[in-house]
Amino acid sequence: MPVTGAELKPFLEDDEVAVDRVLRRVQGFTDSLMTLNALRSTVDITGTPLEDLLADFLNDENLGWDFMYHLSRPTEPINDANFDLEDLGDFAHKMLGFKLYVFDEGGFCGIATLISHRLALTAWHVTVKDKQKERRTGLTVRTEEGHKTLRVLGVRFEMPCHDDQWDVGLQDGDILRAHPDVALLALEQPMTAYCELPANPPRWVTGRRKLCLSHRQDDNGRGITFVTGRATIDDPPRIQLEWEDGVTRPGSSGGSVFDTDLAFAGFHQGQLNGVSEIVPYATFAGIDAFLQAIAEDRAPPFIFSLTGRVDGHLIIGRQRYCHAIHDVASGAAPHLRGIWIKRMEIDQTTGLEFSYDLLCQVLAQNGQAAQVFRVELSLGMEDLLETLNERLHGGTPLMARPGAADDETSEGASDKDRARQLVDRLAKAAGATEDKPGWIYFDNPRGGLRKAAQQQLELLLAMILSDTRLRFVMAGGETYSVPGPKAENASALTAPGVMVDYIGQFDREDVRYTLEAINRSLGLGLKVDAVNNVLDQALHGVESQGTVYRSSEVKTVSENLRRFLADKLPPEGASAP
């Protein structure tokens with residue numbers, strides 16, 4: 001619909017600020033935003049009246065109808081609620097931890113928000129190339145803090161937008177509810193600083209309200225802007241953004257929106273149909289599959305001490321080990337069959353000593369207690385397989401079956417058959433199933449093993465690798481051979497294999513991880529500056545080797561943490577609830 005200068009002139013004379021606000025709004029995402037000031041600068045050069053320049057621009061961009069529609073609507077006052085500056089400052093620091101930038105092989109795609117250990121919320125259309133719905137390849141996310149890049153393993157939950165939203169937009173509430181344009185990205189490794197979604201979605205009322213938008217403000221993705229959203233209450237509500245106090249750039253889709261209480265209110269969906277809109281949290285908050293995915297990922301995958309108390313042995317630098325066990329228990333790591341704990345400092349036993357207890361504790365908090373069979377390896381073992389069988393059954397000898405006995409075939413084939421039988425007996429004794437596997441924990445063989453016992457150990461590990469009912473932990477044994485594919489991250493395994501967990505050194509972020517786990521588990525409510533202060537004090541004076549600390553310093557750092565947290569613990573004690 002063409003518009004004329006004569007139609008625009010009364011509006012310019014009455015309220016230029018309102019005209020400029022609507023002009024910005026109807027342009028949506030653009031790197032070359034046209035404003036009234038920009039048009040006014042050419043009036044003296046061309047001699048053309050401002051209203052005619054504005055009309056020409058709107059007609060050239062086919063924006064006349066949208067402009068007149070929004071300009072003719074009455075502008076309600078913004079509600080009185082505003083942001084508390086102290087709360088906002090702490091919130092901005094937290095956002096550095098949970099705000100993520102999404103990339104594919106071609107570059108920047110959008111914004112995501114970490115809402116659990118390994119799930120990031122974004123707009124579904126960020127995950128596809130265009131309306132043809134072809135999934136983007138090579139998806140990664142980058143953290144704001146530390147600029148760490150993590151692979152996206154897949155989309156854990158998704159509800160695509162409707163096809164019409166790519167072009168003409170939608171107003172039908174039933175269609176919007178069924179196609180909310182939401183996705184959860186599954187990341188390759190866990191993080192702690194996630195955004196807590198409110199138990200109940202913030203209520204919207206018809207009218208205009210202040211919002212805080214996490215978006216892309218420059219080429220590096222940084223940005224936080226205060227905007228005004230105008231809600232039209234339907235079911236679900238429709239919220240469009242007014243840009244009189246901020247403009248985002250392409251790539252801001254998926255950016256979270258927070259209300260003046262700093263509660264998550266939805267996310268930005270500005271790319272589609274050229275209109276800056278919010279997908280309200282109320283649209284998808286009650287979807288069972290969405291809630292289940294988050295609940296499963298928020299189950300505690302890491303414990304900060306074996307006792308659940310700050311005065312216990314604090315665990316620092318073992319989050320990959322804990323998460324790997326948790327992933328097996330939750331079914332998130334189907335290819336992980338074993339964990340090999342290898343020491344970076346071979347003379348140290350720190351980390352090995354309590355790895356068994358740590359395994360039991362993590363399994364217990366996942367509802368799988370008493371499913372661990374501990375194996376103490378020693379130099380005196382002649383027949384490792386029979387020794388383990390005696391401990392398990394106490395009398396039923398482990399004999400090779402007909403056709404595989406020593407006098408019928410090679411000794412290796414006989415041991416292979418006996419190892420297979422032992423694995424079956426171990427699985428049955430533990431009541432292990434594919435859904436709830438049993439664990440075999442091998443202690444570090446002090447003094448080594450005889451050659452025959454070492455060969456039997458390798459056979460036994462190979463049998464466990466091929467059995468879906470069992471998993472193993474090999475603590476130490478760095479000079480031995482553990483069969484199967486190896487990876488330093490459980491998510492990298494594409495076939496039954498082993499995660500190698502290197503221990504012996506830790507860094508500042510490992511200590512922060514433990515401190516954040518204490519803060520969250522005990523409900524201390526420590527703000528970012530308090531966490532950083534405790535972290536600085538805990539590491540002050542501790543000797544480092546570049547950016548890492550030796551395992552022997554764990555005790556000192558743990559004592560420092562306990563001392564500096566003492567006055568921040570709840571009155572009833574230092575235990576997790």
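When reading the values below, keep in mind they use all heavy atoms of this one structure, side chains included, and skip hydrogens, waters and symmetry mates.
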Worksheet item: Considering residues at least two apart in sequence or located in another chain, which fulfil the side-chain hydrogen bond (donor to acceptor under 3.5 Å, both in side chains) criterion with Arg203?
Response: none
Worksheet item: What's the shortest heavy-atom distance between Thr514 and Ile315, and which atoms?
Response: OG1-O, 2.6 Å
Worksheet item: Quick one: does Phe157's side chain get under 4.5 Å of Val182's, heavy atoms only?
Response: yes
Worksheet item: Can any side-chain N or O of Thr140 pair as donor or acceptor with the backbone N or O of Arg151 at less than 3.5 Å?
Response: no
Discussion item. For Phe258 and Phe91, I'd like to know if the aromatic rings sit close, meaning centre-to-centre distance below 6.0 Å.
Written reply: yes
Item to complete: I would like to know whether Glu16 and Leu50 meet side-chain contact (heavy atoms from CB on, under 4.5 Å); could you show each step before the answer?
Response: CA-CA 11 Å; Glu16 282 196 1; Leu50 180 60; 4.2 Å; yes
Item to complete: Give the C-alpha distance, both sets of side-chain angles, the deciding distance and a yes or no for side-chain contact (heavy atoms from CB on, under 4.5 Å) between Thr149 and Val141.
Response: CA-CA 6 Å; Thr149 298; Val141 298; over 6 Å; no
Worksheet entry | Non-neighbouring partners of Glu196 that pass salt bridge (charged side-chain N to carboxylate O under 4.0 Å, His left out), sequence neighbours left out | Arg298, Arg520
Item to complete: With sequence neighbours left out, write down each residue that passes ring-ring contact (aromatic ring centres under 6.0 Å, His included) with Tyr321, or none if nothing qualifies.
Response: none
Worksheet item: What's the verdict on side-chain contact (heavy atoms from CB on, under 4.5 Å) for Glu516 and Val531, showing C-alpha distance, side-chain angles and the deciding distance?
Response: CA-CA 8 Å; Glu516 290 284 9; Val531 169; 3.9 Å; yes
Discussion item. Rounded to the nearest 0.5 Å, what separates atom NZ in Lys527 from atom CG in Asn519?
Written reply: 12.0 Å
Item to complete: Report the distance from atom CD of Glu7 to atom CG of Leu12, rounding to the nearest 0.5 Å.
Response: 12.0 Å
Practice prompt. With sequence neighbours excluded, tell me which residues meet ring-ring contact (aromatic ring centres under 6.0 Å, His included) with Phe11.
Written response: none
Worksheet item: Would you call Val310 and Phe304 a side-chain contact if the rule is heavy atoms closer than 4.5 Å?
Response: yes
Worksheet item: Sub-3.5 Å donor-acceptor pair from the side chain of Asp181 to the main-chain atoms of Ala123, do we have one?
Response: no
Fill in: Ser558 side chain to His313 side chain, donor-acceptor N/O pair below 3.5 angstrom
no
Discussion item. Check this for me: Glu86, atom CD, are more than 12 non-hydrogen atoms of other residues, nucleotides or ligands nearer than 6.0 Å?
Written reply: no
If you look only at distance, which donor and acceptor atoms sit under 3.5 Å apart when one is on a side chain in residues 107-115 and the other is two or more places apart or in another chain?
{"from": "Thr113", "atom 1": "OG1", "to": "Ser256", "atom 2": "OG", "distance (Å)": "2.5"}

Worksheet item: Say you draw a straight line from OG1 of Thr35 to CZ of Arg40; how long is it, rounded to the nearest 0.5 Å?
Response: 8.5 Å
Worksheet item: For Phe57, which residues count as a ring-ring contact (aromatic ring centres under 6.0 Å, His included) partner, sequence neighbours excluded?
Response: none
Worksheet entry | Flag if over 12 foreign heavy atoms under 6.0 Å of CG, Asp87 | yes
Worksheet entry | Verdict with supporting geometry, Asp163 and Lys131, side-chain contact (heavy atoms from CB on, under 4.5 Å) | CA-CA 7 Å; Asp163 290 346; Lys131 66 175 69 176; over 6 Å; no
Response to the item:
Applied to residues 101-110, the salt bridge (charged side-chain N to carboxylate O under 4.0 Å, His left out) test, sequence neighbours excluded, yields Asp104-Arg136
Worksheet item: What pair of heavy atoms forms the shortest contact from Leu314 to Arg309, and how long is it?
Response: CD2-O, 4.3 Å
Discussion item. Do the side chains of Asp259 and Lys210 get close enough for a salt bridge, i.e. N-O under 4.0 angstrom?
Written reply: no
Worksheet item: Quick one: CG on Asp84 to CG on Leu262, what's the gap to the nearest 0.5 Å?
Response: 8.5 Å
Worksheet item: Below 4.5 Å, heavy atoms only, C-beta onward: do Phe67 and Val3 meet side chain to side chain?
Response: no
Practice prompt. Using the test side-chain hydrogen bond (donor to acceptor under 3.5 Å, both in side chains), find all partners of Thr127 that sit at least two apart in sequence or belong to another chain.
Written response: Arg135
Discussion item. If you take the centroid of each ring, where Trp contributes its six-membered ring, are Phe264 and Phe98 closer together than 6.0 Å?
Written reply: no
Worksheet item: Do side-chain atoms of Ser544 reach the backbone of Thr547 as a donor and acceptor pair under 3.5 angstrom?
Response: no
Worksheet entry | Qualifying residues under salt bridge (charged side-chain N to carboxylate O under 4.0 Å, His left out), relative to Lys436, sequence neighbours excluded | none
Practice prompt. Please examine the side chains of Lys568 and Leu526, heavy atoms only from C-beta on, and report whether any two atoms are closer than 4.5 Å.
Written response: yes
Worksheet item: Quick one: are Tyr549 and Val557 in side-chain contact, heavy atoms under 4.5 Å?
Response: no
Worksheet item: With a 4.5 Å heavy-atom cut-off, do Pro160 and His179 have their side chains touching?
Response: no
Worksheet item: What are the two closest non-hydrogen atoms of Ser253 and Thr122, and how far apart are they?
Response: O-OG1, 4.2 Å
Discussion item. Measuring from atom OG of Ser305 to atom CD1 of Ile518, what distance do you get when rounded to the nearest 0.5 angstrom?
Written reply: 7.5 Å
Worksheet item: So do Leu119 and Leu187 actually touch side chain to side chain, heavy atoms under 4.5 Å?
Response: no
Worksheet item: Can you list the residues that meet the salt bridge (charged side-chain N to carboxylate O under 4.0 Å, His left out) rule with Asp90, with sequence neighbours excluded?
Response: Lys94
Practice prompt. Compare every heavy atom of Leu535 with every heavy atom of Val511, then report the nearest pair and how far apart it is.
Written response: CG1-CD1, 3.6 Å
Worksheet item: What residues, two or more places apart in sequence or in another chain, satisfy salt bridge (charged side-chain N to carboxylate O under 4.0 Å, His left out) together with Glu134?
Response: Lys129
Worksheet entry | Val279 backbone acceptor or donor facing Gln269 side chain under 3.5 Å | no
Worksheet item: Closest heavy-atom contact between Phe83 and Thr260?
Response: CE2-CA, 3.6 Å
Practice prompt. Report yes or no: does Asp15 contribute a side-chain atom to a donor-acceptor pair with the main-chain N or O of Val17 at less than 3.5 Å?
Written response: yes
Worksheet item: Is there a donor-acceptor contact under 3.5 Å from the side chain of Asp327 to the main chain of Ala333?
Response: no
Worksheet item: Which residues pass the side chain to side chain contact (heavy atoms under 4.5 Å, CB included) test with Gln319, sequence neighbours left out?
Response: Phe302, His323, Asp510, Tyr513
Worksheet item: Got a second to check how far Leu184's CG is from Met159's CE, nearest 0.5 Å?
Response: 11.5 Å
Discussion item. Contact between Leu358 and Arg318 at the side-chain level, heavy atoms closer than 4.5 Å - yes or no?
Written reply: yes
Discussion item. For Pro202 versus Tyr281, what's the shortest heavy-atom pair and its separation?
Written reply: CD-CD2, 4.3 Å
Worksheet item: In a check of side-chain contact (heavy atoms from CB on, under 4.5 Å) between Met68 and each of Leu8, Leu58, Val22, which one passes?
Response: Leu8
